[in-house]
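Just so it is clear: chains get the letters A, B, ... in the order the sequence lines come, proteins before strands, and each one is counted from 1.
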2 protein chains.
Amino acid sequence: MLNYMVERGAHLDAVFHALADPTRRSMLGRLAERELTIGELATPFHMSFAGASKHVRVLENAGLVKRTIRGRSHLCRLEAARLAEADAWLKRYERFWTANLDRLEALLREEDRAKAKSKSKSATE
Amino acid sequence: MLNYMVERGAHLDAVFHALADPTRRSMLGRLAERELTIGELATPFHMSFAGASKHVRVLENAGLVKRTIRGRSHLCRLEAARLAEADAWLKRYERFWTANLDRLEALLREEDRAKAKSKSKSATE
DNA sequence: CTAATTGTCAACCAATCGGTTTAACGTTTT
DNA sequence: AAAACGTTAAACCGATTGGTTGACAATTAG
């Protein structure tokens with residue numbers, strides 16, 4: 001749906017998909033140190049040039065990499081904004097692994113639910 | 001490779017893949033509020049029962065959900081440890097969106113690289 | 001015992017994935 | 001003008017994805 005695309009989550013689909021591949025994560029890792037051309041990005045993996053090029057495009061489409069063409073070589077640089085979005089999404093679950101205070105909070109919510117049995121809730125994704 | 005599986009990153013593949021689907025993210029969101037059966041997880045989406053079941057399995061295989069069978073219904077609960085791993089991976093890039101101090105750090109690293117031109121580096125993914 | 005409920009499994013589908021190869025394109029060098 | 005370089009495009013491949021259906025197993029309710 002268009003609403004979904006605009007409102008929220010569309011980026012996350014692409015970003016998480018892009019991150020779900022070790023080759024791509026490795027590329028991002030190298031780009032975190034310096035800007036690299038497609039060729040430089042390709043060399044560490046025993047993979048065809050075109051193969052690496054496709055990985056870069058996935059990263060680009062997810063907004064994780066931006067490319068500037070200079071002459072015949074394409075320079076890639078890391079673009080972190082979308083990573084920040086992914087991080088923000090994960091943060092919503094932070095309390096589940098920071099624990100401790102959680103046990104308490106869980107108990108409180110338990111009490112809350114016991115008291116107010118009437119409400120129905122909407123799944124905010 | 002087996003080495004890859006054991007060493008690092010194998011989880012991330014599965015976790016990020018699991019998160020790359022809006023249905024699955026939504027399920028996690030609901031599980032963050034309370035434990036739910038497969039059926040309860042399925043209802044919000046106009047999707048077959050078996051379809052939802054497969055999504056849950058993906059989450060389970062990624063270690064994001066744990067299931068306890070009680071009678072004929074399967075209770076699912078959120079398991080956050082793997083989310084923490086994903087968060088830890090993302091944190092390595094945090095400085096790229098917190099910015100500001102970065103410009104400085106980048107300059108410092110630039111100087112460093114200029115001084116020591118001898119070292120080769122390994123891509124730690 | 002019989003029904004209905006809760007969920008899985010297996011087969012199947014079209015679409016996408018990660019990867020290859022070969023051909024082409026624009027840029028730089030000679 | 002020609003050759004070499006850096007990269008993309010297109011066609012293709014097998015594997016996987018998200019989704020369906022229908023049959024089945026197990027627990028629960030009437």
A:E94 bridged to A:R92 by N-O distance under 4.0 Å = no
request  = Flag the pair B:D21 and B:R25 as a salt bridge only when some basic side-chain nitrogen lies within less than 4.0 angstrom of an acidic carboxylate oxygen.
outcome  = no
Using whole Å, what does the distance between atom [atom2] of nucleotide [N] and atom [atom1] of [X] come to?
X: A:L19; N: C:dC17; atom1: CG; atom2: P; answer: 15 Å
X: A:F16; N: D:dG18; atom1: CZ; atom2: C1'; answer: 19 Å
X: A:D13; N: D:dT17; atom1: CG; atom2: P; answer: 16 Å
X: B:F49; N: D:dT20; atom1: CZ; atom2: P; answer: 13 Å
X: B:H17; N: D:dA15; atom1: NE2; atom2: P; answer: 17 Å
X: B:H55; N: D:dT17; atom1: NE2; atom2: C1'; answer: 10 Å
X: B:D21; N: C:dA15; atom1: CG; atom2: P; answer: 18 Å
X: A:K54; N: D:dT7; atom1: NZ; atom2: C1'; answer: 14 Å

inquiry  = If you only use heavy atoms from C-beta on, which nucleotide in D:dA9, D:dT7, C:dT6 is closest to the side chain of B:S73?
reply    = C:dT6
request  = Could you work out which one of C:dG7, D:dT20, C:dT20 sits closest to the side chain of B:S48?
outcome  = D:dT20
message = Using a 4.0 Å heavy-atom cut-off, does B:G71 contact any base of the nucleic acid, only the sugar-phosphate backbone, or nothing at all?
response = sugar-phosphate
task = Assign A:R70 to base, sugar-phosphate, or nothing according to its heavy-atom contacts below 4.0 angstrom with the strands shown.
result = nothing
request  = Please give the nucleotide sitting opposite C:dA3 as a Watson-Crick or G-U wobble pair, both distances under 3.5 Å, or none.
outcome  = none
ask   = Does D:dA10 have a Watson-Crick or wobble partner in any strand here, with both distances under 3.5 angstrom, and which is it?
value = C:dT21
Gap separating the NZ atom of A:K66 from the CD atom of A:E60, nearest 0.5 angstrom = 10.0 Å
task = May I ask you to decide if the ring planes of A:F16 and B:F16 are parallel, tilted or perpendicular, using 30° and 60° as cut-offs?
result = parallel
note = Those residues at least two apart in sequence (or on a different chain) that pass side chain to side chain donor-acceptor pair (under 3.5 Å) with A:H74 are A:R67
request  = Just label D:dA3 as syn or anti from its O4'-C1'-N9-C4 or O4'-C1'-N1-C2 angle, using within 90° of 0 for syn.
outcome  = anti
query = For the base of C:dT5, is there a side-chain donor-acceptor partner from B:R72 under 3.5 Å away?
reply = yes
key: Residue mapping more 5' on DNA chain C - nearest nucleotide basis, A:A50 or A:R24   = A:R24
